[in-house]
Amino acid sequence: MNIINYPLTFEPLLQENIWGGEYLKKRSTRVPTGAVGESWEISDYKDETTLIRNGEHQGKPLNAIIEQIYAPTKSPVRFPLLLKILAPESELSVQVHPTDEYASHLALEDSGKAESWYILDAPENSFLYLGLTEKLDKARIEQAINTKTLTQYLNKVYVKKGDVVNIPHGTIHSLCPHIKVFEIQQSSNITYRLYDWGRVGKNGKSRELHIKEALEVINFDYLPTSHLVEPKIIHTGNYLHEEYVRNHNFGMAKFSRMTDDLVINNSDMTIKILSSLNSTLEVCTDGGQITLNSFDSCLIPAYSGDIRVTGNEHAEFLLFNE
């Protein structure tokens, strides 16, 4: 088996969404005719697996090279993370995602779905919905759905560029118009809708809601004191390293204020994803290098050795890992 030790880039998969628009259509050469709300930047979800753009494996799907990018003792059947850019023109449905245990108990094809959002851009006074304002029971929630007053019980979280929101399993949430985000999530597409703002689909009918399932998976005890993630400072000096999320599904960190080339140790031989936030970056490993522009991402294989990143002092990038 020939290992892969250079950064891999992918052709995004654009997804048509009733709440989408035109903004993301420039990200791929394969453009749907309808409104686009999601760009799946790196995906190995079922048959929606992204194709490699660079190197000797150009044109191959991500799932064809899994054994060549993982260390032998860690290789999964499919890549377990999904990286997206979201750009809504109207509200996402008010929704919730299940735990792994719930998905397994019902023998669903997908795992549970935990996710985190990094706010790429947000107009002034933008907000999203995240979690409940108070501890409620199923009956109260169902009544609020039936009377179309559910949003009265949801936290309005005001966000700006650079904020991070963590969305554990079972957390009710909705993203509001014109807020652009990087989303890192488990490779799952299970979404239970509680409310959809009275919209109708292409068939002229209201989109399906999943009230019974949603009420089974909502974490009614999740009432955090703060809904924006405060970063943990890992390093400061010639660069700033901030860790935002670290759980058993994925991690999210940000690097900024680089005064010189930055070297990221990869002795643990884990898969990493590097995403540029605002400028051109050169990403170099033992096997080669790649240039990333703003909002571009690359996957760093386990065998890549240390990762060297070159950018200007204003450059910022995210690092995701399993």
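This chain uses plain numbering: 1 for the first residue, then up along the sequence.
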Next item on the list: Compare all side-chain heavy atoms of P301 with those of N5 and state whether any distance is below 4.5 angstrom.
Entry: no
Notebook entry, point to check: Going by an N to O cut-off under 4.0 Å, is there a salt bridge joining D121 and K161?
Noted result: no
Next item on the list: Determine whether E316 and K254 make a side-chain contact, defined as any pair of heavy atoms from C-beta on separated by less than 4.5 Å.
Entry: yes
Margin query: Salt bridge or not between K46 and D110? Use side-chain N to carboxylate O under 4.0 Å.
Written below: yes
Checklist line | Heavy-atom pair of closest approach, residues S188 and S111 | finding: OG-O, 2.8 Å
Next item on the list: Determine, stepwise, if the pair H227 / V165 fulfils side-chain contact (heavy atoms from CB on, under 4.5 Å).
Entry: CA-CA 7 Å; H227 292 84; V165 174; over 6 Å; no
Note to self: Check R27 with D296, please: is the shortest side-chain N to carboxylate O separation under 4.0 Å?
What the structure shows: yes
Next item on the list: Using atom types as modelled and distance alone, determine if a side-chain donor or acceptor of N312 lies under 3.5 Å from a backbone N or O of H314.
Entry: yes
Notebook entry, point to check: What residues form a ring pair (Phe, Tyr, Trp, His ring centres under 6.0 Å) with F10, not counting sequence neighbours?
Noted result: none
Next item on the list: Would you please indicate if the ring centroids of H241 and F255 are separated by under 6.0 Å?
Entry: yes
Check: Does L8 share a hydrophobic cluster with I184, counting links as ILVMFWY side-chain heavy atoms below 4.5 Å and allowing steps through other members?
Finding: yes
Checklist line | N-O pairing of R308 and E282 below 4.0 Å | finding: no
Margin query: Can you confirm if the NZ or CZ of K180 lies within 45° of the ring axis of Y23 and under 6.0 Å from the centre of its six-membered ring?
Written below: yes
Notebook entry, point to check: Of all residues at least two apart in sequence or in a different chain, which pass the side chain to side chain contact (heavy atoms under 4.5 Å, CB included) check with Y222?
Noted result: P168, T171, N219, P224
